[in-house]
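All heavy atoms count here, side chains included; hydrogens, waters and symmetry mates do not. Here is the naming used below: chain letters follow the sequence lines, and residue numbers restart at 1 for every chain.
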Number of protein chains: 2
Amino acid sequence: MKNHLKDLRARRGWSQQDLAERLEVSRQSVNAIETGRYDPSLPLAFRIAEIFGMRIEDIFQKG
Amino acid sequence: MKNHLKDLRARRGWSQQDLAERLEVSRQSVNAIETGRYDPSLPLAFRIAEIFGMRIEDIFQKG
DNA sequence: CGCCGAAGTCAAGTACCCTTTACATTCACA
DNA sequence: TGTGAATGTAAAGGGTACTTGACTTCGGCG
C-alpha cells in the first residue's frame with residue numbers, strides 16, 4: 001500500500017511528532033507508515049483520514 | 001469498530017466460506033470480523049470494500 | 001430420527017502493528 | 001563550530017491479525 005501522508009503532513013507544516021500527537025501514536029509509527037515500512041491498522045487509518053478531512057481511499061492506495 | 005459485513009454478505013447469498021475465498025482469507029477470519037472479535041488489516045479492508053463496491057467508511061464505522 | 005451445510009468458537013503458531021529506548025544523520029542557524 | 005530540531009532506523013516486547021485443525025451447535029431436509 002502506498003500513501004501520500006508525508007505530503008499532506010508537510011503541506012500543513014506539521015512535524016512527524018506533531019502528527020503523532022494528534023493521532024495519539026508514537027513518532028516512530030508515523031515515520032514507519034510514511035516510509036512504507038508497514039500499513040496502519042484500520043482504526044488508525046480512520047483517525048488519519050479524519051484528521052486530514054479525507055477518505056481513506058484518497059490517502060492510501062494499493063500498489 | 002462496527003461493520004455490517006454480515007448483512008452485505010447475506011444480501012448476496014454468500015456463505016462465510018464464499019466470502020473468505022473471494023477475499024483470500026480463512027473462513028475463521030471472516031467470522032471473527034463479522035462477530036467483531038477483531039478489525040481487518042487495512043489491505044484486507046480495501047479488498048472487502050472492493051468486493052462489495054463500496055467505500056471503506058460505508059462498511060466500517062467507529063463505535 | 002439422522003445427515004449435512006453453515007456458523008461460532010477454541011488452541012497454537014506465525015507474522016505484523018505499535019510501543020519505548022536509543023543512536024545516527026541531516027540541515028538550519030547562532 | 002556546535003547546538004538543536006527533524007528525520008530515519010534498530011532492538012526488544014506486548015498485543016493483534018491471520019493461519020490450520022478441530023470441536024460444537026443450529027436449521028433444513030431426506
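For the pair B:Lys2/B:Lys62, no side-chain contact is recorded, criterion being any heavy-atom separation below 4.5 Å from C-beta on. Under the 4.5 Å side-chain criterion, counting only non-hydrogen atoms from C-beta, B:Gln61 is not in contact with B:Asn3. Taking 4.5 Å as the limit, some side-chain heavy atom of B:Leu44 sits within range of a side-chain heavy atom of B:Ile33.
The phosphate of C:dA6 (OP1 or OP2) has no side-chain N or O of B:Lys6 nearer than 4.0 angstrom.
One distance of note links CD1 of A:Ile51 with CZ of A:Arg12; it measures 9.5 Å at 0.5 Å rounding. Atom-to-atom distance recorded for A:Glu24:CD and A:Leu19:CG is 12.0 Å, nearest 0.5 angstrom. Atom CZ in A:Arg55 sits 14.5 Å away from atom CZ in A:Phe60 (nearest 0.5 Å). Taking CG of A:Leu8 as the start and CD1 of A:Ile48 as the end, the distance is 10.0 Å to the nearest 0.5 Å. In this structure, NE2 on A:His4 lies 6.5 Å from CD1 on A:Ile59, to the nearest 0.5 angstrom. Note that the OG atom of A:Ser41 and the CG atom of B:Asp39 stand 7.5 Å from one another [nearest 0.5 Å].
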Does the protein touch nucleotides 12-17 of chain C at the base, only the backbone, or not at all? Give it as B, S and - per nucleotide, heavy atoms under 4.0 Å. -----S

Which nucleotides of nucleotides 24-30 of chain C have their base under 4.0 Å from a protein heavy atom (B), which only their sugar-phosphate (S), and which neither (-), written as one string 5' to 3'? -------

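Nucleotide D:dG8 holds its C1' atom 15 Å from the CG atom of A:Leu5, rounded to whole Å. In this structure, A:Leu42 atom CG and C:dC18 atom P are separated by 10 Å, rounded to whole Å. In this structure, the CD1 atom of A:Ile33 is 14 Å from the P atom of D:dT9, given to the nearest Å. Separating the CG atom of B:Asn31 from the P atom of C:dA6 is a distance of 14 Å, rounded to the nearest angstrom.
Residue A:Glu34 is tested with A:Arg27, A:Arg9, A:Lys6 for a salt bridge (Lys or Arg N to Asp or Glu O under 4.0 Å); the sole match is A:Arg9.
DNA chain C is contacted by no residue of residues 46-60 of chain A, taking any non-hydrogen atom closer than 4.0 Å. For the contact set between residues 11-29 of chain B and DNA chain C, defined by any heavy atom under 4.0 Å, the members are B:Ser15, B:Gln16, B:Arg27, B:Gln28.
Residue pairs meeting the ring pair (Phe, Tyr, Trp, His ring centres under 6.0 Å) criterion with at least one partner in residues 6-34 of chain B, sequence neighbours excluded, are B:Trp14-B:Phe52.
The two atoms that bring B:Glu57 and A:Ile56 nearest to each other are OE2-N, 2.8 Å, heavy atoms only.
Residues passing the side-chain hydrogen bond (donor to acceptor under 3.5 Å, both in side chains) test with B:Gln17, sequence neighbours excluded: B:Glu21.
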